[in-house]
Amino acid sequence: MQASVIVFPGSNCDRDVAVCIEAAMGKAPLMAWHGDSELPKSDLIVLPGGFSYGDYLRCGSMAANSPIMREVVAQAKKGAAVLGICNGFQVLTECGLLPGVLMQNKGLNFVCRNTRLTVTNNKTAFTAQYEAGEEITVPVAHNEGNYFADDDTLKRLQDEDCIAFTYADGDNPNGACLDIAGICDPSGRIVGMMPHPERRAETALGGEDGKRMFSGIVEALS
Amino acid sequence: MKATIHITLKNGVLDPQGKAIENALGQLGFGGVDEVRQGKLIEVNLTESDPKRAEAALTDMCEKLLANTVIENYQIHLDGEA
Amino acid sequence: MKATIHITLKNGVLDPQGKAIENALGQLGFGGVDEVRQGKLIEVNLTESDPKRAEAALTDMCEKLLANTVIENYQIHLDGEA
Amino acid sequence: MSHINDTEITEAVVAEHGLTPDEYQMVCDHMGRTPNYTELGVFSVMWSEHCSYKSSRKWLKKLPVDGPQVIQGPGENAGVIDIGDGDAAVFKMESHNHPSFIEPYQGAATGVGGIMRDVFTMGARPVANLNALRFGQPDHAKTRHLLAGVVSGIGGYGNCIGVPTVGGEINFDKSYNGNILVNAMCVGVARTDKIFYAAATGVGSPVVYVGSKTGRDGIHGATMASAEFDDASEEKRPTVQVGDPFTEKLLLEACQELMASDAIIGIQDMGAAGLTSSSVEMADKGGVGILLDLDKVPCRETHMTGYEMLLSESQERMLMVLKPGREPEAETIFSRWGLDFAVIGELTDSGRMVVTHQGQTIADMPLGPLADGAPEYDRPHEPTPKAAAFDQSLLNDAPDMATALTTLMASSEIASRRWVYEQYDSMVMGDTLAGPGGDAALVRVHGTQKALAISTDVTPRYCFADPVEGGKQAVAEAYRNICATGATPLAITNCLNFGNPERPEIMGQFVGCLEGMGEAGRALDFPVVSGNVSLYNETNGTGILPTPAIGGVGLLKQLDKAVGNRFTENDLQIYLLGETKGHLGASLYQRDILANDDVFAPPPVDLQSEAAHGTFVRQAIDKGLLSAAHDISDGGLAVALAEMCIGHNIGAHISVEGDIGFWFGEDQARYVLAVTADKAADLEALADNLPLGKIGVTTGAELKFGDTVTISVAQLHELNEGWFPALMQG
Ligand SMILES: Nc1ncnc2c1ncn2[C@@H]1O[C@H](COP(=O)(O)OP(=O)(O)O)[C@@H](O)[C@H]1O
Ligand SMILES: [Mg+2]
């Protein structure tokens with residue numbers, strides 16, 4: 001199995017996520033540079049958190065236009081599993097792999113704290129090791145995590161079971177529509193989420209709820 | 001040639017910044033203000049001097065990068081046109 | 001009455017956003033673009049219908065809240081005035 | 001077009017540059033002639049208080065700076081200490097007070113950016129940021145705006161660059177109404193054999209500029225930072241420096257990449273006084289001369305004069321001296337990261353700084369006097385009069401215990417800072433073991449089993465009442481916060497914020513605080529390895545409370561031994577370590593419950609007890625005896641207990657009796673410790689004859705004092721969490 005982490009100049013969770021992938025897979029992922037126009041064929045591609053190109057203009061907008069993203073989109077269309085975390089989720093919406101947009105938090109402030117999530121869909125490539133409806137704790141850290149889509153899109157997400165995670169009752173940190181914390185494409189192979197599972201994947205950091213995302217995808221792909 | 005691009009949120013798209021500004025204005029005692037919306041203003045200088053071609057290039061820039069047309073509208077103003 | 005406020009960075013103030021947009025446009029193959037600056041656009045609706053008084057109120061809002069006058073300039077456009 | 005150097009140097013021009021007539025005469029003597037305008041500008045920034053430490057140097061020399069753990073003490077961009085296994089911790093704290101008052105977001109953001117450059121210029125990767133903030137009264141007209149701006153500026157910069165902000169402190173006092181304090185601290189980790197220094201050596205070596213382009217940002221920032229405010233200067237609105245954290249991230253990565261090679265001889269960030277101070281300091285440290293060609297400096301604006309280029313404080317720039325011939329590989333790295341790179345000069349053997357611009361020599365000055373020639377002032381200092389002992393009769397109509405405790409939990413000093421620290425990314429980099437909210441933050445050294453413990457502390461109201469005791473107490477509290485996690489305190493940085501040193505009583509505060517700090521540093525083996533002085537924090541003649549912020553760093557060798565400061569379960573035995581005399585002078589109880597602002601003596605600091613108690617707590621944690629430990633500070637024992645309860649909503653029954661002083665006194669060298677019943681005997685045995693006594697047990701959902709006072713933990717929690725959001729909502 002080949003895993004790749006895409007590194008934009010302003011990515012800052014690239015190492016954190018690589019640590020988790022290596023722990024799950026027993027092998028370090030490839031760190032792929034944003035300016036490269038070729039990406040070795042990958043079974044798993046992760047777009048990490050951070051500020052890709054400073055997040056100027058709109059979060060993820062410039063990253064979505066970078067050379068490597070053409071490759072990511074192409075491989076995603078051919079069946080690679082893709083996970084976008086935080087800024088990575090913003091990039092996935094900007095490049096059209098996932099619908100909707102992440103707007104500024106309702107409270108207008110950056111928010112970094114643990115949130116309680118409900119695993120709404122445990123049939124995605126990443127969530128098989130969770131129970132359906134299970135409540136887990138995973139931190140968020142973002143200024144633009146307020147998921148927005150028009151009513152038709154939201155309805156489609158619901159109908160096609162494309163909502164992967166929601167913030168549990170009363171714990172929505174950003175005002176996201178339908179309490180959406182993460183979504184997937186209808187195949188369940190492309191997942192984007194605002195919370196950071198890589199920040200809660202060992203007991204020393206407070207818990208292991210996020211770890212099953214990584215062990216889950218490795219199990220699914222190997 | 002100089003140009004200014006106005007990028008605004010589409011109708012029906014929630015605007016938390018606009019809402020917050022509206023509330024803050026209220027708190028400061030400014031009454032009778034509503035429908036506050038915040039957008040972006042991008043000023044550029046182009047070497048292109050033909051208005052038609054400049055407008056076409058700017059449209060292309062908006063579509064590809066400057067605006068997210070899922071939620072945003074854009075308007076191009078070439079200098080001198082107001 | 002509707003009004004639009006343009007908020008722009010003062011001359012000489014570093015504009016990292018504008019610079020980043022300029023670079024990104026270059027990378028996307030748009031040549032001949034420079035001096036890119038990013039500002040804000042604020043649209044409001046006022047119950048006030050007298051242009052003089054509206055303008056005075058908006059000026060006050062800009063000074064007190066909407067613009068950071070340490071680094072930003074503002075321009076008020078009342079609707080219909082262009 | 002007339003040249004800026006044609007400007008006549010009049011008395012007024014000299015005064016505008018902040019030089020006294022005597023200082024100007026010294027400049028003329030060093031030059032052997034009248035300086036031109038550019039040279040005057042360069043001297044003025046190098047001789048400003050901010051760069052030359054002319055009022056403080058004499059006293060700073062008395063601080064303890066040595067120890068086996070110290071690799072680099074004060075004098076470099078940041079201090080360096082040994083943390084074992086070939087690893088080093090690199091850290092410093094710095095003020096950005098004046099810029100933050102003028103433009104809170106950008107002022108605070110660029111403060112964070114500046115301190116991070118100080119750390120990574122030494123070859124370290126920044127791993128933690130902290131900030132020590134002081135604002136005016138909560139209900140002052142400007143406080144809310146300044147606080148909101150500063151916090152989002154700190155977050156905006158640190159979050160983007162991807163370094164966790166893990167702690168800090170905030171106080172409110174009317175003395176900061178017109179002079180807020182924004183002190184930023186950064187801690188980095190490096191290998192001990194890969195530390196980079198600022199000294200430039202090797203005649204002919206190229207001087208290289210990297211990073212952002214130069215604009216007219218913050219020109220005369222360094223002189224502004226040393227000038228008192230008056231109401232008019234608020235209107236002057238100097239050119240504000242704007243931070244670009246994305247560029248800083250690129251600069252960090254590019255520098256780290258180049259540092260992996262051996263191409264760099266010396267490197268220094270361009271901070272206050274920009275290109276001037278970085279080039280003067282590098283050349284002077286290396287004992288060489290320097291030739292700069294300003295035509296090569298990358299500029300963002302047109303028609304910049306040499307004067308402006310030399311004094312600009314544009315952010316995200318570095319100056320390096322490379323080994324000759326290594327320019328191409330360095331340039332490749334920097335251009336791959338999209339950064340400017342320019343060879344702007346070379347080292348000479350002249351001992352002078354020579355600057356050319358547009359074919360003319362616009363400045364030619366001796367380096368020695370520029371770097372070290374500023375006068376060292378022994379300013380008159382008047383010791384602060386000894387304050388009277390607390391007047392016990394003030395307690396005659398004191399409110400009851402429950403009222404006092406609930407009031408303190410929702411007071412400006414004790415209220416939870418969650419509203420602030422949730423705006424900071426405290427977890428990025430995946431090594432934050434304990435972020436904001438504990439006694440000291442704990443950050444793992446990546447890939448190891450050890451962690452750094454970091455805390456910032458000072459209690460300005462103590463420093464005001466008695467500078468010597470206050471200075472000691474600041475160091476002692478940092479020491480205690482670190483010990484409470486189980487870590488061994490190693491060294492400190494500081495940021496010394498005071499009023500106008502030309503007033504003898506202010507200078508007396510400064511001298512007193514430094515005396516106390518020095519004494520404590522020596523007694524606790526907690527030397528100073530870096531620091532910063534910010535004077536003239538005055539508006540219209542009213543100075544701030546003396547605020548010598550201390551940033552302490554310690555090492556926990558085995559991170560799984562760490563304990564937190566919250567009760568973890570029911571049936572824990574609660575112990576009080578340290579002697580309680582009930583000292584209420586200068587306490588929070590006096591300020592917020594008695595609403596009394598008479599000046600009474602603050603609690604004395606017994607450094608031997610601090611050392612003994614700290615050592616005991618560390619040993620107990622190392623032996624695995626403790627479930628929780630919390631140092632006692634603001635608000636005394638009662639507040640410490642309440643804080644320990646609210647973390648996990650666990651109540652306690654306190655069985656000892658006491659008076660107001662017992663519950664709310666702020667006697668030093670004290671901790672609350674919690675142990676499981678089976679370990680209590682071992683703890684008592686380890687204590688030998690230290691003052692350790694059992695005071696209660698954890699149980700239920702209420703905090704009970706004896707049989708008479710019962711307060712629900714949920715209520716304490718709500719009060720503690722509610723204050724800050726309510727303030728910010730207005
Ligand atoms: N400006 C700040 N930024 C981040 N964290 C802060 C800030 N101010 C306070 N905190 C955090 O809040 C907690 C309480 O601070 P403080 O009352 O100063 O603690 P202590 O009395 O133990 O020194 C600490 O964990 C501290 O790190
Ligand atoms: Mg503290």
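Remember, it's a predicted structure, so these values are computed and weren't measured experimentally.
What you find for F30(B) and A57(C) is that their closest heavy atoms are CE2-O, 4.0 Å. Scanning all heavy atoms of the two residues, the minimum distance from E55(B) to I76(B) falls at O-CD1, 4.0 Å.
Taking 4.0 Å as the cut-off between side-chain N and carboxylate O, D15(B) and K19(B) do not count as a salt-bridged pair.
Between chain B and the residues T47(C), D34(C), L41(C), the largest count of heavy-atom pairs under 4.5 Å involves L41(C). Taking chain B as the reference chain and counting heavy-atom pairs below 4.5 Å, the highest number among E48(C), E35(C), Q38(C) is found for E35(C). With chain B as the partner, the residue from I21(C), V33(C), I5(C), L66(C) showing the most heavy-atom pairs under 4.5 Å is V33(C).
Proximity to chain B (any heavy atom under 4.5 Å) is restricted, for I7(C), to the backbone atoms N, CA, C and O. Looking at A24(B), both its backbone and its side chain come within 4.5 Å of chain C, counting heavy atoms on both sides. Neither the backbone nor the side chain of T4(C) comes within less than 4.5 Å of any heavy atom of chain B. Contacts of L28(C) with chain B are made by side-chain atoms alone, with heavy-atom separations under 4.5 Å and no backbone atom involved.
The structure places CG of L9(C) at 8.5 Å from CD of Q17(C), a figure rounded to the nearest 0.5 Å. Remark: R53(C) CZ to L46(C) CG distance equals 12.0 Å, nearest 0.5 Å.
Ring geometry for H6(B) against H77(B) counts as tilted: the plane angle lies between 30° and 60°, on a 0 to 90° scale.
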